[in-house]
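The structure under discussion appears below in the form of structure tokens.
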Amino acid sequence: MNTVKSLGAMIDCSRDAVYTKETLKEFFALLSEMGYTNVQLYTEDTFEVKGEPYFGYLRGKYSKSELKELDRFAAENGLELIPCIQTLAHLGGITRWDEYRPYTDIDDILLIGEERTYTLIENMFRTCSECFTSRRINIGMDEAHMVGLGKYLDKHGFTDRLTLLSEHLRRVLSIAKKYGFRPMMWSDMFFRLVNGGTYGMGGENLLPEHAEALVPEGIDLIYWDYDSKDESHYKSMISAHRKLKRNVVFAGGVWSWSGFVPDNDFAIQVSETAMRACIAEGVEDIFFTCWKDDGAESSLFSSLPALMCAAEFARGNFDRESIAAKFYQITGIPFEDFMSIGKMNLKKENILANPCKYMLYSDPFLGIFDLTVREEKQTFADIAKDLQNLSGGKFGYMFDTLSALCLVMEIKYTLGVKTRAAYEKKDKKALTGIIGNYKELEKRLLDFYEKFRTQWVRECKQNGFEKHDIRIGGLLLRIRDCYRILQDYCDGKIAEIAALEEKILPFRPNDLPKKVTYYNDWLSIAMIKPKM
């Protein structure tokens, strides 16, 4: 039985991409046609807050007038625009500045108990109350893994962290009440703090008996789950949440955070499973997240197929043919044409994989992902040709970007493997030929950069693209240096190439050879910083 009453989408505007008003309006209109009833704008520090000049500093933040305009447009299209902020963690955008260092517990977590912390939070609420007509608000508080273990520990000693979280939540709720808001929050920390950091275990004994008392009244709990294929798992977690006797909101994900190519295939599969569980359990409030982790590399519109399916699944329609027909009616683009971008993930089964991200930035000499490379029947060149043959309609620029990326990957995907193989054989003739591949790769990278930049300018504010100038610019210079080193080796100017002398190990100890994987952290891929 279909029970959904509130169906939303959450748009991440905090991972470098701050989408323009025009982009959001276009997206809102599509969501409305798909049957969504609300939208959350996820803004960590990317909105104007009076009295906080370093809040959103240099980040392309939304002005109050922009938020008010978006709120009006959403209402005109039958959508409730809901602010989605952070009131505890995920505030790395501000905790980098000395202004907020004294009020930072550790990492990106605010210092609980400090009055300046609550002044900041009240300033956030004041802005939201002025700019949004909705009185629902998402106050965040997820993934605060180290809460209470930094400056708070130094000042106050160890405090039960579940109690600490509850105390902070009560302060935030009092501020919310002052401005007439009904908050919701991500639920994971109530589970993590009593389960060794784990979220998603399910079962009867998941939470201690006193947990209900630690969750104040007047808060809705968001159970978020993005990757399970087991319907019983969702049902178990919904049951565990209901033991807290608060309204349960379910948040799924459309896997828009996989790099340049979203994983629509995987998102559709897990969304179907999740929605079957939610319908069976009578969950009435549902939304789907469009996170943009690690740089917002994919087009905002590239996840439309997953969003279309999720909306229909939530209403109890699991007929793929009718969903595809509705998608074409709304977008003017065949569903399968949009789904075809997933071929770039090189998956042979419905697992998570994003080689177009990790193999693009993987160093051709260091080769940390080279053991995942395998021969493919359909090459990146074939996929590029297929994408070039699709018009893409008004989203043609997105297909242009991905086609150019495919042409880059035609060389880059196997470049490190081929380089190392020729070097190990001391085959300088083969290496001389491979140097030509490096030079051609330079040209293709520049073409991809221009198309990717066009996509960014089409959808996003200017701020944020500097990260990609640095990433792609750094990759270009590294490619150039690698072929210079190879040339010196071939010319006899150097006796060996140290990086190519090392034996490559699996990225993870249990990785199977020649099997694509999933990894989406540029700093680690580029060997700049270990993943924490």
Side-chain angles (χ1 to χ4, degrees), residues 8 10-21 23-25 28 38-75 79-97 99-100 103-104 108-112 114-142 168-186 218-220 222 287 460-461 463-464:
M10 188 221 75
I11 305 171
D12 188 347
C13 302
S14 297
R15 300 303 198 281
D16 303 296
V18 178
Y19 298 103
T20 65
K21 292 183 301 180
T23 296
L24 289 177
K25 288 178 180 180
F28 289 178
N38 62 77
V39 181
Q40 295 185 28
L41 279 190
Y42 179 75
T43 49
E44 291 172 354
D45 66 321
T46 52
F47 64 104
E48 176 188 358
V49 174
K50 186 177 180 180
E52 305 286 350
Y54 283 94
F55 194 89
Y57 175 53
L58 302 177
R59 293 261 282 147
K61 61 188 174 184
Y62 293 111
S63 66
K64 290 183 180 180
S65 63
E66 286 177 310
L67 291 176
K68 291 175 182 178
E69 183 178 340
L70 288 169
D71 186 71
R72 287 193 299 270
F73 183 87
L79 295 169
E80 177 188 8
L81 189 61
I82 300 172
C84 182
I85 63 175
Q86 287 288 358
T87 58
L88 182 57
H90 282 297
L91 286 166
I94 65 168
T95 54
R96 74 182 76 184
W97 304 116
E99 167 68 20
Y100 296 105
Y103 322 108
T104 300
D108 60 356
I109 303 172
L110 295 177
L111 182 57
I112 291 175
E114 290 293 312
E115 288 307 310
R116 178 66 176 90
T117 294
Y118 300 102
T119 298
L120 168 63
I121 292 171
E122 178 154 5
N123 287 341
M124 293 185 209
F125 273 97
R126 184 179 296 111
T127 293
C128 291
S129 71
E130 293 172 0
C131 299
F132 296 85
T133 53
S134 173
R135 280 304 175 262
R136 290 203 291 170
I137 188 170
N138 186 334
I139 59 173
M141 295 201 189
D142 57 312
H168 179 66
L169 178 55
R170 292 177 195 279
R171 286 290 302 268
V172 175
L173 286 183
S174 69
I175 298 171
K177 185 176 181 180
K178 177 179 177 181
Y179 291 93
F181 280 109
R182 165 80 184 197
M184 65 184 89
M185 67 173 286
W186 311 101
I219 186 80
D220 295 338
I222 306 167
F287 69 94
C460 312
K461 294 188 177 187
N463 295 68

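When reading the values below, keep in mind they use all heavy atoms of this one structure, side chains included, and skip hydrogens, waters and symmetry mates.
Counting heavy atoms from C-beta outward, Ile139 and Phe181 have side chains that stay 4.5 Å or more apart. Within the 4.5 Å cutoff, no side-chain heavy atoms of Asp45 are placed close to those of Lys61. Side-chain contact check for Cys13 versus Tyr42: every heavy-atom pair is 4.5 Å or farther apart. Within the 4.5 Å cutoff, the side chain of Ile109 has no heavy atoms near those of the Leu91 side chain. Tyr62 has its side chain within reach of Val18: a pair of non-hydrogen atoms, C-beta onward, lies under 4.5 Å apart. Proximity of Leu110 to Gln86: side-chain heavy atoms (C-beta onward) are nowhere separated by under 4.5 Å.
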Quiz prompt | Criterion salt bridge (charged side-chain N to carboxylate O under 4.0 Å, His left out) on Arg15 and Glu44, from CA distance to verdict | solution = CA-CA 9 Å; Arg15 300 303 198 281; Glu44 291 172 354; 3.0 Å; yes

Self-check item: Audit row: Lys64, Glu69, salt bridge (charged side-chain N to carboxylate O under 4.0 Å, His left out) steps and yes/no
Solution: CA-CA 9 Å; Lys64 290 183 180 180; Glu69 183 178 340; over 6 Å; no

Self-check item: Candidate pair Ile112 and Thr117, rule side-chain contact (heavy atoms from CB on, under 4.5 Å), full reasoning
Solution: CA-CA 7 Å; Ile112 291 175; Thr117 294; over 6 Å; no

Exercise. For the pair Asp12 and Met10, evaluate side-chain contact (heavy atoms from CB on, under 4.5 Å) and give the outcome as yes or no after the intermediate values.
Key: CA-CA 7 Å; Asp12 188 347; Met10 188 221 75; 4.2 Å; yes

Practice problem: Could you check Glu80 against Gln40 for side-chain contact (heavy atoms from CB on, under 4.5 Å), going step by step and ending with a plain yes or no? | Solution: CA-CA 8 Å; Glu80 177 188 8; Gln40 295 185 28; over 6 Å; no

Practice problem: Might you work through the side-chain contact (heavy atoms from CB on, under 4.5 Å) test for Met141 and Val172, ending with a clear yes or no? | Solution: CA-CA 10 Å; Met141 295 201 189; Val172 175; 3.6 Å; yes

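With hydrogens and angles disregarded, no donor-acceptor distance shorter than 3.5 Å links the side chain of Arg182 to the backbone of Lys177. Under the 3.5 Å distance criterion, the side-chain polar atoms of Asn463 are matched with a main-chain donor or acceptor of Leu58. Remark: the backbone N or O of His90 is paired with a side-chain donor or acceptor of Asp108 at under 3.5 angstrom.
The number of heavy atoms from other shown groups lying within 6.0 Å of OH (Tyr54) does not exceed 12.
Atom CG in Asp71 sits 8.5 Å away from atom CG in Leu67 (nearest 0.5 Å). With rounding to the nearest 0.5 angstrom, the NZ atom of Lys178 is 8.0 Å from the CD1 atom of Ile175. Between Arg171 atom CZ and Leu173 atom CG the span is 11.5 Å, to the nearest 0.5 Å. Atom CG of Leu41 and atom SG of Cys84 lie 8.5 Å apart (nearest 0.5 Å). Note that the CG atom of Leu81 and the CG atom of Leu70 stand 6.5 Å from one another [nearest 0.5 Å]. Atom CG of Asn38 sits about 10.5 Å away from atom CZ of Phe28, to the nearest 0.5 Å.
Look at Glu66 and Lys461 and you find a salt bridge, because one of the NZ, NE, NH1 or NH2 atoms lies within 4.0 Å of a carboxylate O, short of that distance. Between Glu99 and Arg116 there is a salt bridge, with a side-chain nitrogen of the basic residue lying less than 4.0 Å from a carboxylate oxygen of the acidic one.
Remark: aromatic rings of His168 and Tyr118 are close, center separation under 6.0 Å. A ring-centre distance under 6.0 Å is found for Phe287 and Trp186.
At a cut-off of 3.5 Å, with distance as the only test, no side-chain donor of Glu48 or Ser63 sits close to an acceptor on the other residue. Thr43 and Thr46 form no side-chain donor-acceptor contact under 3.5 Å, judged by distance and modelled atom types alone. A donor-acceptor contact closer than 3.5 angstrom links the side chains of Tyr100 and Glu52.
Residues Ile94 and Gly56 come closest through the heavy atom pair CG2-N, 4.4 Å. Closest non-hydrogen pair, Arg136 versus Pro83, comes out as O-CD, 3.4 Å. Across every non-hydrogen atom of Met185 and Asn138, the tightest pair is CA-OD1, 4.2 Å. Heavy-atom minimum distance, Thr87 versus Ile85: CG2-CD1, 3.9 Å. The shortest non-hydrogen separation linking Phe55 to Phe47 is CD2-O, 3.4 Å. The two atoms that bring Gly218 and Pro183 nearest to each other are O-CD, 3.5 Å, heavy atoms only.
Partners of Lys50 under the salt bridge (charged side-chain N to carboxylate O under 4.0 Å, His left out) rule, at least two apart in sequence or in another chain, do not exist in this structure. Partners of Glu114 by salt bridge (charged side-chain N to carboxylate O under 4.0 Å, His left out), not counting sequence neighbours, listed by chain and number: Lys155. Take Arg126 and apply the salt bridge (charged side-chain N to carboxylate O under 4.0 Å, His left out) test, not counting sequence neighbours, and it matches Glu122.
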